[in-house]
Protein chains: 2
Amino acid sequence: MGTKERRERERAAREQRFLQAARTQIREQGLLALQMAPVARACDYATGTLYQHFASKEDLLLALCAEQAAKRVEILLRAGRWEANSRDRMFALVTGDMLFALASPDHFRLTQYVFTEVVWRAASECRRQAVLDAHEPIGALVGGIVHDAISCGDLDARGRAPLELAIGQWSMTIGMHTLVHAEGVLEFFHLHEPYPMLLRHVQLHLNGLGWKPLLDPFDEQRLQEKIDQVCATLYPDLERAGPVTIAGTGD
Amino acid sequence: MGTKERRERERAAREQRFLQAARTQIREQGLLALQMAPVARACDYATGTLYQHFASKEDLLLALCAEQAAKRVEILLRAGRWEANSRDRMFALVTGDMLFALASPDHFRLTQYVFTEVVWRAASECRRQAVLDAHEPIGALVGGIVHDAISCGDLDARGRAPLELAIGQWSMTIGMHTLVHAEGVLEFFHLHEPYPMLLRHVQLHLNGLGWKPLLDPFDEQRLQEKIDQVCATLYPDLERAGPVTIAGTGD
DNA sequence: CCGGGCAGTGAATCGGGTTCAAAATCCGGA
DNA sequence: TCCGGATTTTGAACCCGATTCACTGCCCGG
C-alpha cells in the first residue's frame, strides 16, 4: 500500500512550506525577528506541529541553511562541468560563489550565524550532519579541479593534497563573505567593491601557486574580459542589476 | 573637587569586573550559557546595576569583544615595530594573529558571533562604534606596512590603495579563523593544521603580489625558519604547548 | 545636621521558545 | 459501514531568562 509513502511525501511537502515561510519571515523582518509561532501560523499549523519537524529554532535555521546550500552547490557545479582549463574553472567557481552571494545575501548572513558556536550547538546532531553533507559536493568539486590541474601539468602540487592547495582560495572567499556581511566594517576602512577585489586577489593567489596559465590581475582589461566570459557563459541568469566591474580607482 | 573623577574611576573599575566575570563565565560554561543575573551576582551587584553599564546582553558581548580586540592589537603592533623588511613584517602580522587566535580561542568565537547580524543589531550604536574603533589600529598598521613596502620598492602598487592590496591577506586570515571555529568542518574535509596552511598560503599570496623578497613556501626548511624566527623574536610569550610546525605529509 | 537627588536593588514583568494533555483524525479489521 | 486503538495535531500553559521600574538608602552640598 502507498499510504505510508503518501504520508511521507506530505510530510516532506509540509516541511518545505515551513522552510518557505521562515525564509519569507527572515527576508521581510530580518533574522532577528524570526519567531516560531508565526511560522507555524503562516502555514495554518499549530506551533507543536512545527516542532515535529525541527527540534528547536536553531534546528530550523540549520535546515534552512542546508536547503540553500543545495542551491549554491547547484550553481557551483556549473563551473565544474565547464569546458575550460583548470585555472579558469577554479576562477569560475569563486565567481559563481560571488554571484550567488550577491543574489542571495540572506544565505550568507544565515550561514555565518549558523556556524557560530552558539547556534551550531543548539541544533540536533543529525541536522548538523545534514548541513555538512550539503556542503560536501563543494569539497569534491574543488578537489576535482585541483586534481585535474595537477594531472594535466597546470599546477605543481609540490607534494600537497588537492584541498590543501585550495584552502587558500576557500578561506579567502569565506573571509570576504564575512567582511561583506560585517555591517560597517568595510565602510569603516574605506573599502568598496569587495567582490571585485576578491576576484583580483584570487587571481593573484593562483599566480602565487604557479597555476598556469598565469594572468596579470592588474591588467584591468584582461581580468574584466575573463570575468565577463565566465558570467556570460556560466551564469547568464545570475547577473542582476548589471555586470560585475573590476574598475576601481585605487585612490 | 575630585569626587566626580573618583566616581568615574570606580565606575570604570566596576565595568572591568563585570567584563571579567562574563569572560570567566564564558570560559567555564560556554558562550551559550552566559546569563546576565549570574554575572551581576558574581560581582556582588544586582542585575539592574549591570544594565547601567550595558544596554543589553549583546551590548555586553560587544564590549567584551572590543576589550579583547585591544589586546590583540597590542600583539599585532609588535609586528609593526619590528626592524625587518616589509614582507617579513606583513608575514609577522598574520603569524601574530595566528598565535593570538591559538592562545585565545574564545576571542575569535566571540568575534565571529558578535559580527553576526543578529547580535550586532541588538547592541547599542555607540558600542558598535567602539568595536570598530578598537579594530582601527589594525587597519592603520596594515596600511603602514604596505605603504612602506611600496615606497622602498618591495612592492609595486599598480595604482592600488594600500588596504586594497592587503585585503587578500586579511580576508584569508579571517576566513581561516572562521573555518577553524566552524566545528566539524575541517575534519569533515580531512584538513588538519589549518594555521600552518594559512601561513603557507599567505606566503603564496605575497609571492603572487610580487612582494619582495620572494620566498618559496613549499621549501619546508626555509618557511619553518621564517616562522621560528618570527615567533622567537616577536612572540616568545605566546608559544604555548610547543612551536608551530609546518611539516604535514600532504597525503 | 538636613534634604534633594542619584545610584543601587531585586522582585515583577514580559516575551517567546518549548512542552504535553486533550482532541481530532486516521486506518485496518469486523 | 462502523468500531477502537494508534497516531497526529492542537494551542494553552509552562518555563526560562532578559529587561524594567518602583522603592530604598546613601552621598554631598548647603
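Basis for what follows: all heavy atoms, side chains included, without hydrogens, waters or symmetry-related copies. To find a chain, count down the sequence lines: A is the first, B the second, and so on, and within it residues start at 1.
Note on Gln52(A): a side-chain N or O is less than 4.0 Å away from OP1 or OP2 of dT9(D). Between Arg41(B) and dG10(C), a side-chain N or O to OP1/OP2 separation shorter than 4.0 Å is present. The side chain of Thr49(A) contributes an N or O atom lying less than 4.0 Å from OP1 or OP2 of dT10(D).
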Identify all side-chain donor-acceptor contacts of residues 25-46 of chain B below 3.5 Å with residues at least two apart in sequence or on another chain.
unit_1: Gln25(B); atom_1: OE1; unit_2: Gln35(B); atom_2: N; d: 3.0
unit_1: Arg41(B); atom_1: NH2; unit_2: Tyr45(B); atom_2: O; d: 3.3

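Arg11(B) comes within contact range of no nucleotide atom at all, as no heavy-atom separation falls under 4.0 Å. Contacts of Leu50(A) with the nucleic acid, taken as non-hydrogen atoms under 4.0 Å apart, are absent. Nucleic acid contact class of Leu60(A) (heavy atoms, under 4.0 Å, all strands): none.
Closest-nucleotide positions on DNA chain C for Arg14(B) and Lys57(A) were compared, and the one nearer the 5' end corresponds to Arg14(B).
Residues Ile167(B) and Met176(A) meet the side-chain proximity criterion, which asks for heavy atoms closer than 4.5 Å.
In this structure, Tyr45(A) atom OH and dT8(D) atom C1' are separated by 11 Å, rounded to whole Å.
Under the 30°/60° scheme for interplanar angles, the aromatic rings of Tyr113(B) and Tyr113(A) are found to lie parallel. Using a 30° and 60° split on the angle between ring planes, Phe100(B) and His107(B) fall in the perpendicular class, above 60°.
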